[in-house]
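Below is one structure, written out as structure tokens; the observations come after it.
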Amino acid sequence: MRSRGAEYVAEVSRLKISVGVVLGATTLLGVSQGVVRLGCVDEFQASTVQRNREVLMEIFARVFNARGVIQPEVQETGGEAGGGTAKTPSAEEHPVVQALRRELGAEPL
């Protein structure tokens with residue numbers, strides 16, 4: 001899945017851009033027995049993935065030619081060990097900046 005993950009995110013973005021942006025910010029935790037576990041940085045990401053599970057599973061089946069169940073999981077942010085990305089907002093950022101990063105993938109200039 002990792003090798004074709006970008007293709008999957010691109011297809012989701014083509015059909016539902018807001019869901020694609022959120023999906024692009026998740027982390028693949030693993031695939032086991034047809035369950036695709038996605039790591040989410042917060043409840044917003046997890047609920048967006050959960051609300052759009054049916055569409056995500058349909059696109060997954062089309063791209064990978066296999067059935068899978070999408071399972072979002074909120075990841076603990078107890079530190080940077082564990083391969084976290086630099087996209088996680090700091091606690092000092094304004095909530096609007098955090099929302100722009102989280103929802104649109106924006107980066108400050």
Quiz prompt | Residue list, side chain to side chain contact (heavy atoms under 4.5 Å, CB included) with R51, at least two apart or on another chain | solution = S47, T48
Show me, pair by pair, the donor-acceptor contacts under 3.5 angstrom made by side chains of residues 14-25, not counting sequence neighbours?
| unit_1 | atom_1 | unit_2 | atom_2 | d |
| --- | --- | --- | --- | --- |
| R14 | NE | E11 | OE1 | 3.3 |
| R14 | NH2 | E11 | OE2 | 2.8 |
| K16 | NZ | N52 | OD1 | 3.0 |

Quiz item: Can you name the nearest heavy-atom pair linking A46 to P72, along with the distance?
Solution: O-CG, 3.7 Å
Quiz item: What are the two closest heavy atoms between R53 and I70, and how far apart are they?
Solution: NE-O, 3.1 Å
Quiz prompt | Other residues, nucleotides, ligands: >12 heavy atoms within 6.0 Å of E43 CD | solution = no
Self-check item: Pair V74-Q45, side chain to side chain contact (heavy atoms under 4.5 Å, CB included): steps then yes or no
Solution: CA-CA 8 Å; V74 177; Q45 274 187 345; over 6 Å; no
Quiz item: Do you know which of T26, V41, L29 makes side-chain contact (heavy atoms from CB on, under 4.5 Å) with Q75?
Solution: L29
Quick one: side chains of residues 58-68, donor-acceptor pairs under 3.5 Å with protein atoms, not counting sequence neighbours, listed by atom name and distance.
none

